[in-house]
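To find a chain, count down the sequence lines: A is the first, B the second, and so on, and within it residues start at 1. What you see below is based on every heavy atom in this structure, not just the backbone, and it leaves out hydrogens, waters and symmetry mates. None of the values given here were measured: they were computed from a predicted structure.
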Amino acid sequence: MGEMKAADRVTLGLAFLRTMVRIREFEMHARIGYDRGEIPGVVHLSIGQEAVPAGVCANLRRDDYVASTHRGHGHCIAKGADVTAMMAELFGKTTGTCKGKGGSMHIADFSVGMLGANGVVGGGIGIAVGAAQAARLLHKDAISACFFGDGAVNRGPFLEGLNWAAVFNLPVLFICEDNTFSAFTRASDTTAGKGPTARAEAIGVRALSVDGNNVFAVYEAARELVEGIRAGHGPGFLHAPTYRLDGHTVFDKAPYRSNEEVEYHRGDDPVALLESRLHAWGVDGTQLDAIHIEAREEMVRAMEAARKAPSPSEADAFADVQLIGAPR
Amino acid sequence: MGEMKAADRVTLGLAFLRTMVRIREFEMHARIGYDRGEIPGVVHLSIGQEAVPAGVCANLRRDDYVASTHRGHGHCIAKGADVTAMMAELFGKTTGTCKGKGGSMHIADFSVGMLGANGVVGGGIGIAVGAAQAARLLHKDAISACFFGDGAVNRGPFLEGLNWAAVFNLPVLFICEDNTFSAFTRASDTTAGKGPTARAEAIGVRALSVDGNNVFAVYEAARELVEGIRAGHGPGFLHAPTYRLDGHTVFDKAPYRSNEEVEYHRGDDPVALLESRLHAWGVDGTQLDAIHIEAREEMVRAMEAARKAPSPSEADAFADVQLIGAPR
Amino acid sequence: MTGNVETARAEATTTCTIAEAAREALAEEMRRDPTVWALGEDLAAGGIFGAYKGLAQEFGSERIVSTPISESMIMNVGFGAALAGTRPVVEMRILDFALCAWDELINQIAKARYMFGGQGNVPVVIRMPQGIGRGHQAAQHSQSLEAWLVHTPGLVVLAPATAADEKGMLKSAIRCDDPVAMLEPKALFPTTGEVPAGEHLTPIGVARIAREGSDVTLVTWSTLLPTALVAAEKAHEAGISVEVIDLRSLWPWDREAVMRSVAKTKRAVVAHEAVAVGGFGAEIAASISEELGLRVTRVGAPRIPVAYAPILENTYRVSAERILAAIERSA
Amino acid sequence: MTGNVETARAEATTTCTIAEAAREALAEEMRRDPTVWALGEDLAAGGIFGAYKGLAQEFGSERIVSTPISESMIMNVGFGAALAGTRPVVEMRILDFALCAWDELINQIAKARYMFGGQGNVPVVIRMPQGIGRGHQAAQHSQSLEAWLVHTPGLVVLAPATAADEKGMLKSAIRCDDPVAMLEPKALFPTTGEVPAGEHLTPIGVARIAREGSDVTLVTWSTLLPTALVAAEKAHEAGISVEVIDLRSLWPWDREAVMRSVAKTKRAVVAHEAVAVGGFGAEIAASISEELGLRVTRVGAPRIPVAYAPILENTYRVSAERILAAIERSA
Ligand SMILES: Cc1ncc(C[n+]2csc(CCOP(=O)(O)OP(=O)(O)O)c2C)c(N)n1
Ligand SMILES: Cc1ncc(C[n+]2csc(CCOP(=O)(O)OP(=O)(O)O)c2C)c(N)n1
Ligand SMILES: [Mg+2]
Ligand SMILES: [Mg+2]
């Protein structure tokens, strides 16, 4: 950040804040929707982790690809997916990104290169690698970014995907969004060795580790990697430790950790950290408040639209299965 | 080797040679059996790689476990499996280790802890890890050894198995028998990064790399790792580069490499290297010849026995499927 | 062998959920046999359906093993540990994730006894709760794939639908020397039922007559049982007496019990939650047709993935109305 | 649609092996469409059946990609690359290894179009040569699992048995916008057949009458076709006229052609190499029974793994004698 002009860093910080607050507000509203029974399905929230998608995706273009996880709202929003369609998807409506067929775990928006959340841990890795290989074949200069959790580093696709991207020198940015837990288990209890970065390096992928709650740090590290990737130097890997402030799902009360622990980590809330930084840089409170209010209003509108949107009909269940050999 | 007494190293070397020559002779005879049509199924030979099983298994007890690969004759023999039953298995006879049901790719001999060759690359890794976990649960002090090829380091189970063994501090020795090729492809073309040892270390497994054609070196490195494993320090990893002198299978003519390359590597034939070393240590040629002759005679007898052994009957096909719900 | 013999033996019963019955079964077997242990994700936290609640406290982390998210290892470690003298209970969380370990289940576990010429047994239980759950989790969390497992030589396949059978079948599975695919009825985990007090084992391969009847035989299993019973009741109101067979053991399946009932009723319906095309219902229907020359009416899901929105999910679901229509249509 | 319409169009033919037909098909499609590419192990060396011979030389290593031994990546890279605008041909070497990528095939590829609400197509072909090969490679290298794939919503499933169909179906598969499971007849790769010269596409969903007959309909596919034709000839010698339907497209399958034939012959046999229990034959049999009220005789392998020793392997194998016996027994 040293070289950046004060005005620029404020502009950038405000853009980050807008993205992060939109993600947070989307999820707060999704939680409300779930609690009220308007959202029928299980939702995984990424509250506390917003700096990672915001910092990473600020380096991506619209034609770049992203593959995501079961906890993918932030990745979608940061990549530019339409929150109205996303909220409608959570409501299971025809106006949803997936016409109500996917729900939170399968939100996708191909129009902005979002190739899908994913219900399988590690399931997005191959998709991102494949999209990168396709881009090369089609002589496009798009790159792929692939988000996954700390739990995914213990699944086979982590090894296979990183090795593959390195062997074929593909333009892929792998991001391990390490939120300290994999479901109800502390990631450190199930991951041996020197951690994700060391694993990536050993497999031949250039890797950086960065404070995942500091959006500027995430941005800078991702930028460094993305520059290398766009320059044709092959894949990069970013390890971003952060903390999942909510439960694993909306109904997980997280008895496996103490309230003190959670409170401690609230002190590192990336939104609050960014705001105090902006504050220190002279941005005044009303400007910050405006961002919150705007985001909240956007989400209220999205909820309203989702509420009013038409539900699918039974016949819709038979559409989109396949072109040849579909039922009915 | 520095500390070992001259007499001891000769004794050890002769034991290694016996094992290595038995492996080689077994496979030379298997090739003859295949060429003659007496052995019906495809066979993968490990000619040129014998130092690895010989050096590793010299550190194992009968009650230790071994899991192997499609190229497993050497691992079986070095672990003490009965070559007569092995040869009968290749012939598909009832006296085979698996009553003719498995063939070369599934030879197993539970009586010596050999938990099976394996038709799936990387398939043995979980078996070895599981056997080690069972041993701990049963308060046995047995360890597991798991052989796999250089190709397996790019499959998911490599990551999952090493991480698992490290997380649970299990007594497993992983051995990557790196014979330069995975089927018709050069391993170096498909494996990125700093190689198997670096991968293992990053996952938290203590790792050594050693000349896989030097049986004493393999033995010493495996011993060091096995001592740590038996002392309860968790898993170890041994990378043993060597060279597959024959084709991938008995009918692969290996057009993907030059004759010069193969001839070059014949200079590192582990059997020849060991013999010249023994020679230098004063063992005379007749003693070495005797080992060859004995092994050859043993394999001729095994072939003869296999030839004479009864073939299974059709009814045998229905046995051993399962205890409950078997057909007929 | 005939249906529900084992329930006759029971004198007292207790009421509990299917998840509790599962926990009891595992706890009892672990107390009885020190070689029984369980491995899977989040087991120390009690598992996602509460079926392991408190077990880590009682048995310790060496026997209730909370694993990394490494399905292929969970499965194959269970396999290796079975070969090496223990009786592992492999928890896959839900069936859908078991596809990440499908090679290990199908290529290794199911075939091992055969490939190795019967050298050893493979006493491993693979728990794969299946079907549409309660959380509207869409296509990757809702499959029913019993047909695949029945088609796989080497496997025993169980699909309990009641608390009593959950307990009795899990215990039988743990004592079984073959690999057992235990397809637990995910959506029914919180439902309660009577479980015979004391040692309770459900025999493998024996169907249960869930309701006696004389006009039509309805063969079903797993999550569809309660729906089938509702349909049978409605049919009863419409004057059709339906015999409901809870097949519960899918391999081996109780051919004798099914044929006996159908020989009596002369009309057969088979209903399951899974996709109808290529479902296990086709095997039952083909068998009945072969043996008794009768036309069987099959009910199952359309050949579509499970969607998220409840109305779409319901379109996939086999309803009591659809079963009833099949009962009426059967001839 | 009726059977073998497409062969009528062909004027000249050439003779080649099934492996050569496969290579030709891929080469032609790659020449036609620069977005077509192939990925799998050892492709630069021509593949293990020679079906990629020379293609790396013609198309380069960016389009004929020799991959690491990473099945789950091979499959999922194919998936991602299909979403991103290319038409990948995923080579699994043999079906059995595809089980290492089963999550990717079943949970990702098959369901993607649906889960994502039809946002995009998934034009990927997954080549999985299946069945007992020529090398006596035992249980982990010999499975036939078409029943599983037919049971999976979202997939098209093809199973050619001749050189003409290998070529015509692979080309149709590559042009198909759905994911296609291409179950190639492993044991038949070296056998030769006539292939229509010039552009040759086999329509998906259309069965082929491989032999006309009037007494019994024999439905079969893939590796069992030549055996079925032998059985039909023997039946002919015994005075029974057998109509042999090469189903070749398993999903969608040509219900109309099958029903038309069975309605004519009133006797039906279905025969496949796969295990009979839970095989796709059960679906065909159940469908015929439902639609025409006829008892169908099924022939398939016993529910055992494939063994190594030839005599044991043969016990698994469906022979012409067994099919003939079924023909005689059918009624
Ligand atoms: C292959 C697979 N195994 C298990 C699950 C169940 N599951 C869903 S989320 C989750 C935890 C994932 O942890 P992590 O990768 O750290 O992501 P996070 O939830 O923390 O974002 C698990 C085990 C799954 N979806 N897929
Ligand atoms: C999962 C899987 N993929 C592919 C194969 C086919 N195959 C058999 S051996 C082999 C090469 C293995 O190479 P490596 O691990 O180095 O062992 P080596 O043959 O050199 O002993 C391949 C690809 C297989 N058996 N299993
Ligand atoms: Mg996490
Ligand atoms: Mg190798």
Does any heavy atom of chain C fall under 4.5 Å from the side chain of [X], the backbone, both, or neither of them?
X	value
A:Val120	both
A:Asp320	neither
A:Ser313	backbone
A:Lys99	backbone

Item to check | Portion of C:Ala307 that has a non-hydrogen atom of chain A nearer than 4.5 angstrom | outcome: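 Backbone plus side chain of C:Ala307, per the 4.5 Å heavy-atom cut-off to chain A.
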Checklist entry - With only heavy atoms counted, which part of C:Ser70 is less than 4.5 Å from chain A, the side chain, the backbone, both or neither? => result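 Contact with chain A is through both the backbone and side chain of C:Ser70.
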Checklist entry - How long is the gap from CD1 on C:Ile109 to CG on C:Leu83, to the nearest 0.5 Å? => result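 CG of C:Leu83 is found 9.0 Å from CD1 of C:Ile109.
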Option in [options] with maximal non-hydrogen atom pairs under 4.5 Å from chain C:
options	result
A:Gly123, A:Ala183, A:Gly96	A:Ala183
A:Asn118, A:Val42, A:Thr191, A:Thr249	A:Val42
A:Glu314, A:His70, A:Glu89, A:His248	A:Glu314
A:Pro40, A:Gly119, A:Gly103, A:Pro327	A:Pro40
A:Gly151, A:Gly102, A:Cys98, A:Pro312	A:Pro312

Does a salt bridge link [X] with [Y], judged by any charged N lying under 4.0 Å from a carboxylate O?
X	Y	result
A:Glu27	A:Arg31	no
C:Glu273	C:Arg317	no
C:Glu20	C:Lys53	no
A:Lys101	A:Asp316	no
C:Glu58	C:Arg23	no

Checklist entry - With a 6.0 Å cut-off on ring centres, are C:Trp221 and C:Phe280 close enough? => result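 Here the rings of C:Phe280 and C:Trp221 have centres that are less than 6.0 Å from each other.
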Checklist entry - Under 6.0 Å between ring centres, would you say that holds for A:Phe174 and A:Phe158? => result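 Judged by ring-centre distance (under 6.0 Å), A:Phe174 and A:Phe158 do not meet the cut-off.
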Checklist entry - Side chains of A:Thr185 and C:Thr67: closer than 4.5 Å at any heavy-atom pair? => result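 A:Thr185 does not reach C:Thr67 side chain to side chain.
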Identify which of [options] forms the greatest number of heavy-atom pairs closer than 4.5 Å to chain A.
options	result
C:Val277, C:Thr315, C:Ile69	C:Ile69
C:Gly135, C:Pro310, C:Ala138	C:Gly135
C:Cys100, C:Gly133, C:Gly46, C:Pro305	C:Cys100

